[in-house]
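Letters go in sequence order (proteins before strands), and every chain restarts at 1.
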Amino acid sequence: MSREELVAVALTPDEDLKLLISDIESARARAAKALAGDRVDVVRFEALSSQLEQLSFARRSHGALEVKLPVSANPPPLITAQEPADLAFLPAAWRERFADALEAGAVLVTLRSPLNHGTTNAQPRKAVEPPSPADPWKSKTGARGAGAVQERFDAQIKSALDGRGGSLSPSDIQNAILTETLRTYVGAHGKRVNLPVEYRDGSRSRHPFPLRSLTLADAPLKDAEELRFAFLSIRHTEMDAVIDGAFLRNAEISQPRPAADTDDLVFEISREQLRALTDDGATPVHLQIYQTGLDTAIVGFYRAVVCHLLEHPHSLSVTPMFFQGGKHHQSKSGDERRNGRDRAAESKQPAKSAEYREGAVWAAK
Amino acid sequence: MSEPADVSFLLGAVYAAEWSNDVRELLFSPAPGEGGLSLAEGFDLLDVGSSPPPKELIPLCVIDEASIAVVVSEGPAAGTVRRWFLDPVPPEHQCGLLDLHPVLYVSSLERELSARGAGLSRILDEIGPAYADSHLKHEKRPRTFVLRPIRVACQNVIVGLAAIAQEASIDGLAVLAWQTCEVPHVATHEANRALAVITLCDAFQNGGTMEVRFDHPATLNVDGKKVRYSGHPEGAVPASLRRFARTVGVQLGAEDPASISPREARELFRVITPMPDELRARVDTAIATAGIKPERVYYTLLKPIWRAIELDWLLAISSRAASILEGGADWTQRSARQSEAEACRTAVMAGMFFRRINATDAAAADGSTRVVEDRTRGIQWSIEPESATIAFRGLDNTSPVPWARETVVPTTERVVVAFRSFVDSGTTEALQQAASEHLAILAVPRGTSLPDGLPDDVIVIFCPDRLADLDKAVEANLTSARISRA
């Protein structure tokens with residue numbers, strides 16, 4: 001392998017460079033605030049950073065102050081006089097010169113180039129063997145279909161709870177099985193376990209799932225405000241007549257991104273919305289959630305529900321509504337839809353509630 | 001299988017066995033029954049073929065209208081079953097390995113042909129139309145658990161059909177149909193290889209254990225009626241797939257005859273992913289030492305997220321290849337990202353340059369129909385990791401080097417190219433050294449300012465893409481890598 005090299009270069013900025021640096025700072029700030037998986041500002045930050053690095057490489061040959069750093073160092077990519085930083089990553093003999101340069105208005109850019117002549121001088125790493133092939137999974141009870149999926153998911157959680165390692169892997173687990181199994185283990189007896197969540201694309205959620213963390217009630221909150229939500233907007237517009245709104249915006253959630261990012265995003269949005277809906281736990285609310293089978297969203301949402309119940313136990317109850325097959329609802333004209341809403345309001349049931357099954361309620365005792 | 005006596009014994013066993021009519025009609029036999037073919041007819045076919053066959057070939061059975069299966073009677077390959085083309089074909093495709101010995105071959109043919117009718121009607125009359133009705137008609141993308149038909153065709157001839165679905169209850173792939181055929185214009189076992197590639201890539205993309213089962217039941221709605229399948233018509237790993245796997249040294253169905261186990265899938269994935277030897281060695285080393293999941297590397301090449309030369313470059317020059325294959329460092333780690341970005345954008349440039357010099361397609365140059373498949377020059381590359389340069393061999397010395405501002409024609413057997421977006425003194429020194437023996441080229445993105453003092457004997461070429469365009473292509477590749485498993 002070729003040799004990686006890391007250098008710190010002090011550049012005296014002209015107007016163009018100042019503008020570029022200000023653009024980089026603004027892109028970095030926007031990227032840090034972007035929703036999980038939103039790459040627009042990340043790509044902008046990276047493009048601008050590349051420009052700065054290309055410029056810095058070109059100016060190196062014109063006598064800029066520079067010093068080589070050990071490749072194992074992890075310095076900040078850019079230091080300006082406006083943002084004083086710890087220069088401890090620089091060799092001691094050079095710190096003062098760079099500090100003076102920064103004080104005089106220079107900027108410090110670190111450049112890591114991987115294509116220098118020689119064998120690689122990266123930290124020698126211990127050889128890591130590839131993961132072994134997985135074992136084929138077979139039901140021990142001879143279950144098939146949904147029963148087998150339930151058994152597999154159950155076994156996976158039990159194994160992790162018993163300390164045999166592993167994580168919660170919700171990919172490909174059907175909507176109802178995923179929701180109900182999670183509920184079972186959230187309300188199970190025993191010492192609380194925060195189980196890491198890992199999806200089949202290898203991504204890991206930032207937040208573990210708190211199992212054995214609540215004592216669950218069997219019935220929803222009494223005298224609570226009733227709200228019906230589709231889990232995701234746009235997915236099944238036929239339900240519009242019977243719901244009060246959609247809990248999540250499809251456009252935000254259904255984006256190509258690592259699965260764990262979607263989970264994290266749903267968790268963060270849900271935490272905020274549950275706080276807002278319950279007035280920070282002051283107003284009891286009962287939600288009926290008409291669910292779609294997006295595993296990442298289900299995990300993110302119910303993690304938020306558990307966290308909310310841990311903070312405000314008697315402010316929220318959630319009844320999952322599982323679609324039972326057939327068409328969600330026939331498309332209707334505007335008038336028919338309005339009539340449908342009236343009828344649904346009268347009966348307090350969705351127009352075709354027979355197509356949905358009520359799941360076990362998520363409420364704290 | 002090295003003794004001629006073994007061959008006689010094996011052929012004797014073939015001739016003595018009872019075969020179905022479908023097989024008997026194809027078999028060359030010393031005592032053919034009614035409608036059968038005689039050995040003499042087989043030898044006649046060999047003799048009238050376009051190229052004279054070696055004398056040690058014994059005709060075994062008909063494959064298609066332009067090729068027959070033959071058994072090698074002596075020499076190191078004695079006993080193996082080969083495909084002899086009667087029409088002219090490139091030498092590397094003549095006498096391709098069909099199976100390890102004639103009994104295995106004819107038995108697998110028997111099994112394959114006995115289920116072919118059922119498999120064909122299942123795909124063509126049931127699964128295909130049902131899928132067209134449920135998805136194609138509504139321009140709907142199938143979810144992984146939907147039973148999806150796959151059709152592999154080469155020049156308008158269908159050579160492979162399959163129907164697959166990810167099955168959550170086994171955390172693996174269920175295959176309800178899988179069949180291939182050999183046709184005159186397609187290389188031996190290529191249909192099997194292509195369909196195996198699609199099947200394994202699908203299994204990887206869906207997540208799961210990579211187990212591929214052929215006996216998992218499924219129910220399909222066809223014209224309002226429920227049709228129930230108990231698995232693949234053969235009820236086991238299809239004979240044609242097992243035959244192909246044998247020729248590449250992989251035994252399928254050894255742990256369970258109805259399943260390709262995750263371990264077998266990994267072995268098969270490795271051998272069906274085409275790689276030059278140098279790249280294969282690098283891939284094997286990277287897998288053994290860097291903890292890279294083998295399936296991810298093979299998928300990366302086959303999708304392709306990174307093409308062969310690009311992956312070879314990344315593995316050869318960067319200690320960060322494992323991170324790159326998984327989608328790269330987080331953007332907040334700019335220092336690591338900087339190194340990865342330079343490795344990736346130079347890989348993209350190398351890939352573009354290689355495709356340009358390796359292509360022969362002159363669009364409608366002679367006014368006739370264009371066949372663009374396999375129209376490559378066969379340029380070879382070799383990476384010099386320490387200097388981070390690529391040596392290309394086999395460039396046409398009548399065609400100018402692409403991307404050059406002035407006409408430069410390769411005058412040496414090897415052309416050494418350094419792909420860079422930042423040029424430092426080390427690069428110019430390496431190129432100057434190379435220029436003493438070979439044509440030395442510095443390739444940079446369009447718009448790159450060059451340092452002073454570049455040696456005169458180093459040719460500078462400019463990639464048509466600017467740095468920002470290359471970074472966009474890199475971002476697309478890294479995003480694909482991050483979300484490749486759905």
Between [X] and chain B, with a heavy-atom cut-off of 4.5 Å, which part of the residue counts as in contact: side chain, backbone, both or neither?
{"X": "Pro75(A)", "result": "both"}
{"X": "Arg28(A)", "result": "both"}
{"X": "Ala31(A)", "result": "both"}
{"X": "Ser169(A)", "result": "neither"}

Measure across [X] and [Y] and return the closest heavy-atom pair with its distance rounded to 0.1 Å.
{"X": "Asp424(B)", "Y": "Asn116(A)", "answer": "OD2-OD1, 2.8 Å"}
{"X": "Pro130(A)", "Y": "Pro294(B)", "answer": "CB-CD, 4.0 Å"}
{"X": "Ala343(B)", "Y": "Pro114(A)", "answer": "N-CG, 4.1 Å"}
{"X": "Phe419(B)", "Y": "Leu115(A)", "answer": "O-CD1, 3.8 Å"}
{"X": "Gln338(B)", "Y": "Leu111(A)", "answer": "OE1-CA, 3.1 Å"}
{"X": "Gln166(B)", "Y": "Asp172(A)", "answer": "CG-OD2, 3.6 Å"}

Is atom [atom1] of [X] surrounded by more than 12 heavy atoms (other residues, nucleotides or ligands) closer than 6.0 Å?
{"X": "Arg44(A)", "atom1": "CZ", "value": "yes"}
{"X": "Ile234(A)", "atom1": "CD1", "value": "no"}
{"X": "Gln433(B)", "atom1": "CD", "value": "no"}

Name the option with the most non-hydrogen atom pairs under 4.5 Å to chain B; the candidates are [options].
{"options": "Leu6(A), Val149(A), Asp135(A)", "answer": "Val149(A)"}
{"options": "Ala148(A), Gly145(A), Ser139(A), Pro136(A)", "answer": "Pro136(A)"}
{"options": "Ser132(A), Ser203(A), Gly147(A)", "answer": "Ser132(A)"}
{"options": "Ala146(A), Ala32(A), Ala134(A), Pro77(A)", "answer": "Ala134(A)"}

Within this structure, what is the [atom1]-[atom2] distance for the pair [X] and [Y], rounded to the nearest 0.5 Å?
{"X": "Ile170(B)", "Y": "Arg152(A)", "atom1": "CD1", "atom2": "CZ", "value": "9.5 Å"}
{"X": "Thr479(B)", "Y": "Arg39(A)", "atom1": "OG1", "atom2": "CZ", "value": "5.5 Å"}
{"X": "Ser171(A)", "Y": "Asp171(B)", "atom1": "OG", "atom2": "CG", "value": "9.0 Å"}
{"X": "His117(A)", "Y": "Thr427(B)", "atom1": "NE2", "atom2": "OG1", "value": "9.5 Å"}

Interchain contact, [X] with chain A, by part (heavy-atom threshold 4.5 Å):
{"X": "Ala316(B)", "result": "backbone"}
{"X": "Glu386(B)", "result": "both"}
{"X": "Arg266(B)", "result": "side chain"}
{"X": "Leu450(B)", "result": "neither"}
{"X": "Ala265(B)", "result": "neither"}
{"X": "Arg143(B)", "result": "side chain"}
{"X": "Ile317(B)", "result": "both"}
{"X": "Glu295(B)", "result": "neither"}
{"X": "Thr346(B)", "result": "side chain"}
{"X": "Ala468(B)", "result": "neither"}

Any donor-acceptor pair under 3.5 Å from Arg144(A) side chain to Ser169(B) backbone: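 No, the answer is negative, given that no donor and acceptor are paired below the 3.5 Å cut-off.
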Please answer whether the main-chain N or O of Thr110(A) pairs with a side-chain N or O of Arg334(B) as donor and acceptor at a distance below 3.5 Å.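 Here the side-chain-to-backbone pair does not exist.
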Say whether Arg112(A) and Ser335(B), considering side chains only, have a donor N or O and an acceptor N or O under 3.5 Å apart. yes
For the residue pair Arg345(B) / Ser50(A), report whether a side-chain donor-acceptor contact shorter than 3.5 Å exists. yes
Report the relative orientation of the aromatic rings in Phe45(A) and Trp331(B); use parallel for angles under 30°, tilted for 30 to 60°, perpendicular for over 60°.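 Perpendicular.
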Heavy atoms, side chains only, cut-off 4.5 Å: are Arg482(B) and Asp201(A) in contact? no
Side-chain contact test, heavy atoms from C-beta onward, threshold under 4.5 Å: evaluate it for Glu53(A) versus Glu342(B) and give yes or no.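 Side chain of Glu53(A) against side chain of Glu342(B), heavy atoms only: no contact under 4.5 Å found.
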